[in-house]
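Scroll down for the structure; my scribbles are underneath it.
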Amino acid sequence: MIARLLRNPAAIALAVIVLAAAALTIWAVGVVVEDTGEIFLNPDPSEAAIAQYRIIQVANAIPQPATLVGVVALLGFIIVGAVTNRVVDADLERRRAERSDER
(Lines give C-alpha, C1' and ligand atoms only; values in the text may rest on other atoms or scores of the structure.)
Protein backbone atom coordinates (compact mmCIF):
# COMPACT_ATOMS: atom_id res chain seq x y z
CA MET A 1 0.00 0.00 0.00
CA ILE A 2 2.83 2.42 0.79
CA ALA A 3 4.35 1.82 -2.64
CA ARG A 4 1.03 2.78 -4.24
CA LEU A 5 0.85 5.95 -2.14
CA LEU A 6 4.38 6.91 -3.17
CA ARG A 7 3.27 6.82 -6.81
CA ASN A 8 0.22 8.98 -6.13
CA PRO A 9 0.99 12.70 -6.61
CA ALA A 10 -1.92 13.78 -4.40
CA ALA A 11 -0.65 11.64 -1.54
CA ILE A 12 2.86 13.03 -1.95
CA ALA A 13 1.59 16.62 -1.96
CA LEU A 14 -0.54 16.04 1.14
CA ALA A 15 2.36 14.37 2.94
CA VAL A 16 4.60 17.36 2.15
CA ILE A 17 1.92 19.73 3.45
CA VAL A 18 1.60 17.72 6.68
CA LEU A 19 5.36 17.74 7.25
CA ALA A 20 5.69 21.45 6.39
CA ALA A 21 2.81 22.37 8.72
CA ALA A 22 4.34 20.34 11.54
CA ALA A 23 7.77 21.91 11.02
CA LEU A 24 6.28 25.41 10.85
CA THR A 25 4.27 24.86 14.01
CA ILE A 26 7.30 23.54 15.89
CA TRP A 27 9.40 26.51 14.72
CA ALA A 28 6.73 29.02 15.72
CA VAL A 29 6.21 27.52 19.16
CA GLY A 30 9.98 27.46 19.70
CA VAL A 31 10.29 31.13 18.78
CA VAL A 32 7.45 32.13 21.08
CA VAL A 33 8.85 30.10 23.98
CA GLU A 34 12.27 31.75 23.61
CA ASP A 35 10.78 35.25 23.80
CA THR A 36 12.18 37.07 26.82
CA GLY A 37 10.27 40.30 26.34
CA GLU A 38 13.54 42.22 26.12
CA ILE A 39 12.13 44.83 23.74
CA PHE A 40 9.85 46.16 26.47
CA LEU A 41 12.73 46.67 28.93
CA ASN A 42 14.59 49.25 26.83
CA PRO A 43 13.04 52.63 26.10
CA ASP A 44 15.06 52.84 22.86
CA PRO A 45 15.18 49.33 21.31
CA SER A 46 17.80 48.44 18.72
CA GLU A 47 17.04 47.32 15.17
CA ALA A 48 17.85 43.73 16.12
CA ALA A 49 15.36 43.86 18.99
CA ILE A 50 12.69 45.29 16.70
CA ALA A 51 13.39 42.58 14.10
CA GLN A 52 13.13 39.91 16.80
CA TYR A 53 9.85 41.42 17.97
CA ARG A 54 8.47 41.28 14.41
CA ILE A 55 9.50 37.62 14.08
CA ILE A 56 7.75 36.85 17.36
CA GLN A 57 4.61 38.60 16.15
CA VAL A 58 4.63 36.44 13.00
CA ALA A 59 5.35 33.31 15.06
CA ASN A 60 2.37 34.04 17.31
CA ALA A 61 0.04 33.92 14.32
CA ILE A 62 1.34 30.65 12.83
CA PRO A 63 0.56 27.67 15.13
CA GLN A 64 -3.24 27.66 14.93
CA PRO A 65 -3.63 27.85 11.13
CA ALA A 66 -0.62 25.59 10.52
CA THR A 67 -2.04 22.96 12.85
CA LEU A 68 -5.44 23.17 11.16
CA VAL A 69 -3.89 22.84 7.70
CA GLY A 70 -1.74 19.92 8.87
CA VAL A 71 -4.69 18.04 10.35
CA VAL A 72 -6.86 18.60 7.27
CA ALA A 73 -4.00 17.49 5.00
CA LEU A 74 -3.47 14.39 7.14
CA LEU A 75 -7.17 13.54 6.87
CA GLY A 76 -6.91 14.03 3.10
CA PHE A 77 -3.87 11.75 3.01
CA ILE A 78 -5.80 9.06 4.89
CA ILE A 79 -8.75 9.40 2.51
CA VAL A 80 -6.48 9.21 -0.55
CA GLY A 81 -4.83 6.12 0.92
CA ALA A 82 -8.18 4.46 1.57
CA VAL A 83 -9.50 5.26 -1.89
CA THR A 84 -6.27 4.13 -3.55
CA ASN A 85 -6.40 0.84 -1.67
CA ARG A 86 -10.07 0.30 -2.53
CA VAL A 87 -9.55 1.03 -6.24
CA VAL A 88 -6.60 -1.35 -6.44
CA ASP A 89 -8.51 -4.08 -4.59
CA ALA A 90 -11.46 -3.69 -6.97
CA ASP A 91 -9.10 -3.88 -9.94
CA LEU A 92 -7.54 -7.07 -8.58
CA GLU A 93 -10.95 -8.64 -8.05
CA ARG A 94 -11.95 -7.75 -11.61
CA ARG A 95 -8.77 -9.35 -12.98
CA ARG A 96 -9.37 -12.49 -10.93
CA ALA A 97 -12.93 -12.70 -12.25
CA GLU A 98 -11.66 -12.32 -15.83
CA ARG A 99 -9.13 -15.10 -15.28
CA SER A 100 -11.73 -17.46 -13.85
CA ASP A 101 -14.06 -16.71 -16.79
CA GLU A 102 -11.30 -17.59 -19.25
CA ARG A 103 -10.82 -21.04 -17.69
Side-chain angles (χ1 to χ4, degrees):
M1 181 173 148
I2 293 176
R4 284 184 238 134
L5 284 175
L6 291 175
R7 290 187 298 242
N8 189 335
I12 293 170
L14 289 170
V16 168
I17 291 171
V18 169
L19 294 175
L24 195 58
T25 301
I26 291 169
W27 171 81
V29 169
V31 167
V32 172
V33 167
E34 290 177 3
D35 179 25
T36 59
E38 185 177 323
I39 192 168
F40 299 111
L41 298 176
N42 298 332
D44 189 25
S46 66
E47 285 296 318
I50 292 173
Q52 181 182 10
Y53 179 73
R54 289 180 182 150
I55 290 173
I56 290 168
Q57 291 301 313
V58 169
N60 276 323
I62 289 176
Q64 295 87 1
T67 303
L68 176 65
V69 168
V71 168
V72 170
L74 182 61
L75 290 174
F77 182 79
I78 292 169
I79 291 170
V80 166
V83 169
T84 301
N85 194 28
R86 185 169 288 180
V87 168
V88 171
D89 288 344
D91 190 39
L92 288 174
E93 288 180 21
R94 183 180 52 82
R95 288 182 187 173
R96 287 181 189 153
E98 287 174 358
R99 285 185 204 158
S100 64
D101 290 341
E102 291 174 0
R103 293 180 187 176

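One-based numbering along the sequence shown.
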* Inter- and intrachain pairs under side chain to side chain donor-acceptor pair (under 3.5 Å), touching residues 8-26, at least two apart -> Asn8-Thr84
* Shortest non-hydrogen contact between Ala59 and Ala28, atoms and distance -> O-CB, 3.5 Å
* Which other residues end up in the same hydrophobic cluster as Leu19, if Ile, Leu, Val, Met, Phe, Trp and Tyr are linked when side-chain heavy atoms come under 4.5 Å apart? -> none
* How would you list, by chain and number, every residue that makes a side-chain contact (heavy atoms from CB on, under 4.5 Å) with Gln57, sequence neighbours excluded? -> Tyr53, Asn60
* Should side-chain heavy atoms under 4.5 Å link Ile, Leu, Val, Met, Phe, Trp and Tyr, which residues sit in the same cluster as Val31? -> Leu24, Trp27, Ile55, Ile56, Val58, Ile62
* Structure fact -> Scanning both residues in full, the closest heavy-atom pair of Arg7 with Pro9 reads O-CD, 3.4 Å
* Who passes side-chain contact (heavy atoms from CB on, under 4.5 Å) against Pro65, sequence neighbours left out? -> none
* Summary of ring pair (Phe, Tyr, Trp, His ring centres under 6.0 Å) pairs that have at least one residue in residues 54-76, sequence neighbours excluded -> none
* Asked: So which residues get pulled into Val33's cluster when ILVMFWY side chains under 4.5 Å apart are joined, directly or through others?
  -> Val29
* To do: List for me each residue that meets side-chain contact (heavy atoms from CB on, under 4.5 Å) alongside Ala73, sequence neighbours excluded, and say none if there are none.
  => Leu14, Ile17, Val18
